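Down below is the structure, laid out as C-alpha cells.
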Amino acid sequence: MTIDWINFTPWQSLAGGQLIGLAASWLLLVNGRIAGISGIVGRLLQPRAGEIAWRLAFLIGLLLATPLVLLVAPSLAPAHDLSVAPRAGWGTVILAGLLVGFGTRLGNGCTSGHGICGLAHLSRRSLAAVLTFMANGAATVFISRHVLGA
C-alpha cells in the first residue's frame with residue numbers, strides 16, 4: 001500500500017471533520033434535530049409546517065459551502081489528479097443514486113446520520129449500520145480495482 005501524497009490532505013480533513021462535528025452538534029443543540037442528510041432532504045419532500053425553512057437553509061449551506069470556500073480561499077482546495085478519477089456514465093450514476101436512496105431507506109438513515117450523530121449517541125443500530133457501510137465500501141473498492149480491473 002502506498003500513500004497518494006498529492007491528494008493526502010490531513011489538515012484539511014481534520015478541519016473538515018471538526019466543522020462537520022460542530023455543525024451536527026449545533027443543529028442538535030439549537031433545533032434538537034439529527035444532521036442526517038437523507039432525513040433532512042426526505043422531510044423536504046413531505047414538508048411539515050415550521051420545518052421547511054431550517055431544512056432548506058441546511059441543504060443550501062451544504063451545497064454552497066465548497067464554492068464559497070473556493071471563492072474566498074482557493075488555496076484550501078486540494079490538488080486532485082483528475083486523470084485517475086473514475087469515469088462513470090449517466091446510467092451508472094443514476095443506478096448508484098437509486099441504490100444509495102434505497103439503502104438509506106432500508107438502513108433508516110445515511111452515513112452522516114448514523115456515522116456522525118448515531119455513533120455519538122452510542123447507538124447500536126448506528127454502529128451496525130456504519131460497520132455495514134464500511135464493509136460494503138471496502139468490498140466495492142476491492143471488486144472494482146482487483147476483480148474488474150477498473
Side-chain angles (χ1 to χ4, degrees), residues 1-47 50-105 107-121 126 129-146 148-150:
M1 182 166 119
T2 61
I3 294 176
D4 180 4
W5 291 106
I6 293 173
N7 294 313
F8 183 63
T9 56
W11 298 115
Q12 289 98 328
S13 301
L14 179 63
Q18 289 175 333
L19 288 173
I20 290 169
L22 181 64
S25 298
W26 183 260
L27 186 63
L28 184 61
L29 288 171
V30 172
N31 271 7
R33 302 292 184 189
I34 299 294
I37 305 307
S38 64
I40 291 171
V41 172
R43 295 287 189 264
L44 273 175
L45 301 176
Q46 302 168 341
E51 299 235 334
I52 297 171
W54 77 263
R55 290 177 191 277
L56 275 176
F58 191 94
L59 187 59
I60 290 168
L62 188 67
L63 295 173
L64 292 181
T66 299
L68 183 62
V69 167
L70 292 177
L71 184 66
V72 173
S75 64
L76 293 177
H80 290 291
D81 182 3
L82 297 178
S83 66
V84 297
R87 309 268 190 254
W90 281 107
T92 301
V93 171
I94 291 169
L95 177 63
L98 290 171
L99 287 172
V100 168
F102 176 74
T104 59
R105 282 293 183 193
N108 290 321
C110 58
T111 53
S112 57
H114 284 299
I116 297 166
C117 301
L119 290 180
H121 283 111
S126 290
V130 169
L131 291 174
T132 303
F133 299 152
M134 297 302 288
N136 281 293
T140 300
V141 169
F142 179 82
I143 291 169
S144 66
R145 289 193 178 172
H146 300 290
L148 300 176

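Model, not experiment: these values are computed from the prediction.
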Roughly how far apart are [X] [atom1] and [Y] [atom2], rounded to 0.5 Å?
X	Y	atom1	atom2	answer
Gln18	Ser13	CD	OG	11.0 Å
Ile20	Cys117	CD1	SG	10.5 Å
Arg43	Arg55	CZ	CZ	6.5 Å
Ser112	Ile37	OG	CD1	4.5 Å
Leu19	Leu14	CG	CG	9.5 Å
Leu95	Leu99	CG	CG	4.5 Å

Could you walk me through whether Thr111 and Val130 pass the side chain to side chain contact (heavy atoms under 4.5 Å, CB included) test, one step at a time? CA-CA 7 Å; Thr111 53; Val130 169; over 6 Å; no

Where does the angle between the aromatic ring planes of Trp54 and Phe58 fall among parallel (under 30°), tilted (30 to 60°) and perpendicular (over 60°)?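 It falls in the perpendicular class, over 60°.
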
pair Ile40-Leu27: side-chain heavy atoms closer than 4.5 Å: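 Touching, per the 4.5 Å side-chain cut-off.
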
Pair His114-Thr132, side chain to side chain contact (heavy atoms under 4.5 Å, CB included): steps then yes or no: CA-CA 11 Å; His114 284 299; Thr132 303; over 6 Å; no

